[in-house]
Asks: 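Take a look at the following structure, please.
Indexing begins at 1, ligand by ligand and atom by atom, following the structure's order. Since the model is a prediction, treat every value here as computed from it, not as a measurement. Just so you know, these numbers use all the heavy atoms, side chains as well, and skip hydrogens, waters and symmetry mates.
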Amino acid sequence: MAEQTKNHSSLRTVDWKDNKVVMIDQTKLPKELVFVEFSDYRQVANSIKTLVVRGAPAIGVSAAFGLALAALQSKATTKDELLKDLETARKILFETRPTAINLKWGLDKIMQVAKQGTDVNQIKELIINTAKKMAEEDIKINMMMGKNGSELVNDNDTIMTHCNAGALATVAYGTALGVIRAANDSGKKIKVIATETRPVQQGSRLTAFELKYDGIDVSLIPDTAVGYTMAKGLVNKIVVGADRILRTGHVFNKIGTYQVALIAKQHKIPFYVAAPLSTFDLKSNPEDVIIEQRNGREVTGLGDKKTAPEGINVINPAFDMTPPELISGIITEKGIAKTPYNESIKKLFEAN
Ligand code: RUB
């Protein structure tokens with residue numbers, strides 16, 4: 001536990017140990033820092049569905065580890081049988097959450113590797129090694145992204161972030177919070193304003209927890225105070241994460257991101273998105289992206305306390321889309337894309 005918690009001066013969200021997947025149970029944070037272990041890929045699928053693990057890159061790597069478990073669980077004796085078992089697991093893992101493209105990225109990558117293998121044992125080994133490599137690379141990518149993004153940050157900046165795009169949304173270090181960590185590590189004095197992020201509270205439960213854990217100055221605000229803090233001049237920059245970014249620069253992220261971007265535009269505050277290339281979907285158009293609709297119970301009460309009248313109809317989308325004209329730049333491990341996004345995003349992929 002000691003190694004996991006202080007790795008890269010942040011938490012390690014998901015790991016592979018002794019042929020098991022080990023995860024922080026994010027539903028228990030910040031009350032308890034509990035690690036759960038899984039040896040069945042269905043448990044991993046369930047953990048993605050129930051938000052034990054969440055955040056786009058963390059979901060991608062968890063799904064890859066899920067397929068590694070499925071490979072170990074398979075009793076197949078031929079390559080074809082193993083690929084069939086993996087396909088069953090892929091489908092179950094894929095159907096857990098619809099919006100973050102990293103889920104598909106992680107699953108596709110493992111299936112590709114599996115198809116390249118020759119015999120059952122070699123494929124199993126290949127899959128496990130690839131999934132482990134994806135986890136390690138996620139940390140490296142976040143650190144590169146952090147370095148790229150920290151150049152946009154000035155000494156004494158106060159940066160607003162929404163939801164959790166931190167160590168807990170990735171394997172470690174974080175995307176948006178990676179930028180903040182890198183700026184902080186380079187000696188700049190940074191303050192953070194975290195929105196609580198109704199209704200699942202990723203801001204207050206996770207972002208506030210992990211920044212406090214790492215000793216970074218963080219203040220929590222209700223989502224409804226975004227306009228107030230910007231109008232009062234309390235924010236210099238905004239950095240958020242993303243669950244899917246289209247080739248046009250449309251960004252899908254936690255519900256409320258669009259409102260933050262709109263208010264930032266009104267107050268001429270730069271609004272940045274930080275995400276790895278695995279979060280980009282170069283094929284879909286905005287109308288193709290499925291926005292996850294979640295249970296109304298998340299909205300009708302606070303914790304166990306019911307606040308809304310019985311039988312009320314609820315609209316509870318988990319994500320929204322921010323259009324490119326509200327975005328000052330998209331920070332990736334390969335550099336920062338700026339408007340016109342269809343050109344700059346294309347260049348990032350060509351350089352990759
Ligand atoms: C997570 C969310 C996060 C991005 C972060 O939503 O919207 O901002 O996933 O991604 P949920 P990244 O908690 O419902 O999974 O770390 O790539 O920026």
Asks: Do side-chain atoms of E125 reach the backbone of N121 as a donor and acceptor pair under 3.5 angstrom?
Replies: no
Asks: Taking only residues two or more places apart in sequence or in another chain, which ones pass side-chain contact (heavy atoms from CB on, under 4.5 Å) with A231?
Replies: H267
Asks: Using the rule that two of Ile, Leu, Val, Met, Phe, Trp, Tyr join whenever any of their side-chain heavy atoms come within less than 4.5 Å, decide whether I48 and L67 are in one cluster.
Replies: yes
Asks: Do K254 and F319 meet the cation-pi criteria used here (NZ or CZ under 6.0 Å from the six-membered ring centre, within 45° of the axis)?
Replies: yes
Asks: Please give the N or O to N or O pairs under 3.5 Å between ligand 1 and the protein, distances rounded to 0.1 Å.
Replies:
| unit_1 | atom_1 | unit_2 | atom_2 | d |
| --- | --- | --- | --- | --- |
| ligand 1 | 7 (O) | D243 | OD1 | 2.7 |
| ligand 1 | 7 (O) | N253 | OD1 | 3.1 |
| ligand 1 | 7 (O) | K254 | N | 3.2 |
| ligand 1 | 8 (O) | N253 | OD1 | 2.7 |
| ligand 1 | 9 (O) | A56 | N | 2.9 |
| ligand 1 | 9 (O) | D243 | OD1 | 3.3 |
| ligand 1 | 9 (O) | D243 | OD2 | 2.9 |
| ligand 1 | 10 (O) | A242 | O | 3.0 |
| ligand 1 | 13 (O) | R54 | NE | 2.8 |
| ligand 1 | 13 (O) | R54 | NH2 | 3.2 |
| ligand 1 | 13 (O) | Q202 | NE2 | 2.9 |
| ligand 1 | 14 (O) | R97 | NH1 | 3.4 |
| ligand 1 | 14 (O) | R97 | NH2 | 2.8 |
| ligand 1 | 14 (O) | K254 | NZ | 2.7 |
| ligand 1 | 15 (O) | G55 | N | 3.0 |
| ligand 1 | 15 (O) | R97 | NH1 | 2.7 |
| ligand 1 | 16 (O) | T175 | OG1 | 2.8 |
| ligand 1 | 17 (O) | A242 | O | 3.3 |
| ligand 1 | 18 (O) | T175 | OG1 | 2.6 |
| ligand 1 | 18 (O) | A242 | N | 3.1 |
| ligand 1 | 18 (O) | A274 | O | 3.1 |

Asks: Could you list the donor-acceptor pairs under 3.5 angstrom formed by side chains in residues 160-167, with sequence neighbours left out?
Replies:
| unit_1 | atom_1 | unit_2 | atom_2 | d |
| --- | --- | --- | --- | --- |
| T161 | OG1 | V239 | O | 2.8 |
| H162 | ND1 | T195 | OG1 | 2.7 |
| H162 | NE2 | I255 | O | 2.8 |
| N164 | OD1 | R54 | NH1 | 3.1 |
| N164 | OD1 | G166 | N | 3.3 |
| N164 | OD1 | A169 | N | 3.3 |
| N164 | ND2 | T207 | OG1 | 3.1 |
| N164 | ND2 | E210 | OE1 | 3.2 |

Asks: Among residues two or more places apart or on two chains, list those pairs meeting ring-ring contact (aromatic ring centres under 6.0 Å, His included) that have a residue in residues 278-306.
Replies: F280-F349
